[in-house]
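Quick caveat, the model's predicted, so the values are computed rather than measured. Keep in mind that the numbers below use all heavy atoms, side chains included, and drop hydrogens, waters and symmetry copies.
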Amino acid sequence: MAKDSIVKVRDLLIEYGHGKNKVSAVKEVSFDIYKGETFGLVGESGSGKSTIGKALMGIEPINDGTIYYQDTLAFGKAPNLIKMNEKMEHHIKVMKLNQTAITKALEIYSEEYKRVYFKYIEGRYYDLKSKETVEYSDNKIRKIEEGLDLKDHKLVSKSKDPKLKLVEDAVREIIKRILKLYKLQDKSLAFLKMLKEDGIINPELLKKVNELHSKTNKLTVKIRKSESKMYLTIQEIEKVRNDVRKGKYKSVKRFFFDLGKLLEVLIAEHKLVSSMISDLKQAQKLSSAIVSTGRDKKQWLKWIDEKIATIDDKSKVAEFELIKELMSIESIQKTLEKSPKYSLPTSSERHELKKQMQMIFQDPASSLNDRMPVEEIIAEGLDNFPELYKNEQAAQTYIDWFNSNNPDKVGKITLENIRYQKVKQFLILQLLTTVGMLPEHLSRYPHEFSGGQRQRIGIARALVMKPSFVVCDEPISALDVSIRAQVINLLAKFQLEFDLTYIFIAHDLSVVRFIANRIAVIYRGDIVELADADELFNNPLHPYTKSLLSAVPLPDPDLEKKKKSIKYKPEEQHFDYITDSPKWIEVQKGHFILANEREVSEIKSEKRKIKKIEKGA
């Protein structure tokens, strides 16, 4: 049975600063929180977990991404396929420019290779203009004999070979653009899947848009593989050159053979990429055309007509004609603007959200106003939402309580003579005693209480609103160890009584294990692993999760002494992310990890080994 998501976070991006000083605190994370569960969010200080919590409450400004509450847009921005396509077009344009730069650089590098080859192998001069070889007029011997140390001949002088570095930089830039394209394509495909489930877009139009986005995604995957091969080939060329500098090459023929083979591979892959980038550019233009609106749509229709006039391929002409036909239908963006789900909430809807979504803050001292008594602190929410106590159900609850405690018929009250101010005071007192405080505490101020008592007041302040979703931002980290269990038990009790959904933010995995149903591990703004609590503890997959778990202290002193701490070294453990980029992958049901193909392959291989050992045992 499918679980209902009460909160959906999609591609949440939060940045601080501007220009070169810009820092991404949260890097386009996505996750769902199911109704009635406790969702744990764990990471070290500065990882972005509290920033996410504040964003869910609308406290933290969002640069990009969307937060849905009960399948309706709550905070952020509704996805915009037009803007996504514009960004994709820009990245492809930059990729094309870099590809042109690589073409010129490789031509120069290849010519330089030929010049040096003919000079030191055949003793002839290679004319770069005529592309022919001639004898040197001074009759000097330039050929290098076999067995000599090549480093003395400066075959790989950096001053003579600046173009290889240019090629490497351009390839690296293309790979970076591909990673950005990946994120945009994943975002657009996920959004199109959501639109299909909603059923508000014309099915034929949505099908074609999805087809075009899938096509660009597949082309991008192919380009990434070729660019990765080019990048690794450049590293091999550099290794050959470095071996020459270190005196490891004694054969000049071997040197030119090795370098020549690598250069052939580099040029062949570059030609493949050039044609694929052209195909990608064409497919992306069609994607942009079909979702366009207004003046842009007119420009794209003109471009399509020009293409049809110059194309002989009947199948391609038919595709262009189909796109023209689908462009006559109301655009996806226009439909979304009319949809309540994808429209920003009105002021009254935002007001209602404040009632439905509440927060328990990390520091119980600074989150309470020291100038207000406890009764006023808790009553503040009821004053903003008087309907919470000015209703027949709340009144009847108060009447039943009052009459049962006043058996004298003269003093009994009814709905006709009730005073709602008394109902409010009753609700506050009832909640305060439920969190373990006393009636006389109502007139006291926050500084008169201990940390645990202040946190109980904070819990009461949040729950008096009768929310359905509560953000618990490290609610026990500032408390003594002896008080932590009490607060956790209190939260668990209220979850059952009021059917609450929590997101529990903490830096201590050992605490979250006992309260969370599922746990997401966050590192520097990226969620790196997500699984059920027991699964995460019994089978951690990401090296950062393993590092966090190894830091959890054990109650047994002997086991604690034997325990080995695992250090997370991203530069070493993710050494190939430049050529094999990580993706959010479900390695087994409900267990997700941010990993690349090599890491996933290693995880699966390790599982097979464990199964063999278990069968053998």
Side-chain angles (χ1 to χ4, degrees), residues 98-175 223-277 572 575-576 578-580 598:
N98 277 287
Q99 193 69 1
T100 304
I102 292 170
T103 301
K104 292 178 181 177
L106 279 178
E107 284 176 1
I108 295 170
Y109 186 79
S110 299
E111 291 299 299
E112 181 65 18
Y113 169 82
K114 290 176 185 177
R115 186 188 68 77
V116 179
Y117 172 85
F118 286 114
K119 179 180 180 180
Y120 292 117
I121 295 294
E122 297 185 9
R124 294 172 65 83
Y125 174 74
Y126 176 74
D127 192 303
L128 296 173
K129 291 183 178 179
S130 65
K131 315 295 184 189
E132 294 178 353
T133 60
V134 294
E135 296 286 345
Y136 282 99
S137 57
D138 57 7
N139 295 321
K140 283 186 179 180
I141 298 173
R142 290 172 172 81
K143 289 173 68 174
I144 299 174
E145 299 297 327
E146 290 293 302
L148 295 178
D149 196 337
L150 299 187
K151 70 178 180 179
D152 298 329
H153 293 270
K154 296 181 180 179
L155 278 173
V156 292
S157 171
K158 286 187 177 181
S159 61
K160 293 181 180 178
D161 188 20
K163 295 299 174 183
L164 188 63
K165 178 63 178 169
L166 192 152
V167 173
E168 183 179 7
D169 290 344
V171 168
R172 189 188 287 270
E173 177 61 28
I174 288 175
I175 290 172
I223 293 168
R224 193 266 292 170
K225 286 181 179 177
S226 286
E227 288 293 338
S228 297
K229 191 173 181 180
M230 285 178 68
Y231 183 83
L232 293 172
T233 304
I234 292 167
Q235 304 309 306
E236 289 183 54
I237 290 173
E238 283 290 355
K239 185 180 181 301
V240 170
R241 289 158 52 83
N242 287 332
D243 285 346
V244 170
R245 292 192 190 100
K246 292 173 184 176
K248 292 184 179 180
Y249 268 89
K250 303 295 181 183
S251 168
V252 66
K253 288 183 179 178
R254 184 69 189 174
F255 164 72
F256 279 109
F257 176 81
D258 291 347
L259 196 62
K261 282 291 181 185
L262 291 170
L263 193 56
E264 283 178 14
V265 172
L266 189 62
I267 292 169
E269 288 299 328
H270 172 68
K271 287 179 179 177
L272 277 175
V273 171
S274 294
S275 62
M276 285 190 289
I277 287 180
E572 293 179 17
F575 62 91
D576 56 350
I578 184 68
T579 55
D580 187 4
R598 172 189 59 82

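- For Ser228 (side chain) and Thr579 (main-chain N/O), a donor-acceptor pair under 3.5 Å exists by modelled atom type.
- Using a 4.0 Å cut-off between charged nitrogen and carboxylate oxygen, Glu122 and Lys143 do not count as a salt-bridge pair.
- A distance of 13.5 Å separates CD1 in Ile234 from NZ in Lys229, rounded to the nearest 0.5 Å.
- Rounding to the nearest 0.5 angstrom, the gap separating the OH atom in Tyr109 from the CG atom in Leu266 is 8.5 Å.
- Atom CZ of residue Arg124 and atom OH of residue Tyr136 lie 10.0 Å apart, to the nearest 0.5 angstrom.
- Remark: side-chain polar atoms of Glu111 are not paired, donor with acceptor, to backbone N or O of Asp127 under 3.5 angstrom.
- For the pair Lys104 and Glu107, the salt-bridge criterion is not met [side-chain N within less than 4.0 Å of a carboxylate O].
- Between Glu227 and Arg224 no salt bridge is recorded (no basic side-chain N to carboxylate O distance below 4.0 Å).
- The pair Glu236-Lys239 does not count as a salt bridge, with every side-chain nitrogen at least 4.0 angstrom from each carboxylate oxygen.
- One distance of note links CZ of Arg241 with CG of Leu259; it measures 8.0 Å at 0.5 Å rounding.
- The two residues Glu135 and Gly123 come nearest to each other via the heavy atoms OE1-O, 4.4 Å.
- Rounding to the nearest 0.5 Å places CD1 of Ile108 at 11.0 Å from OG1 of Thr103.
- Phe118 and Tyr126 have parallel rings, their planes meeting at less than 30° on a 0 to 90° scale where 60° marks the start of perpendicular.
- Val244 places a side-chain heavy atom less than 4.5 Å from the side chain of Phe255.
- Note that CG of Asn98 and CG of Leu166 are 9.0 Å apart. Values are rounded to the nearest 0.5 Å.
- Proximity of Ile174 to Ile102: side-chain heavy atoms (C-beta onward) are separated by under 4.5 Å at one or more points.
- Residue Tyr117 places its OH atom among 12 or fewer non-hydrogen atoms of other residues, nucleotides or ligands, all under 6.0 Å distant.
- No side-chain heavy atom of Glu269 sits under 4.5 Å from any side-chain heavy atom of Thr233.
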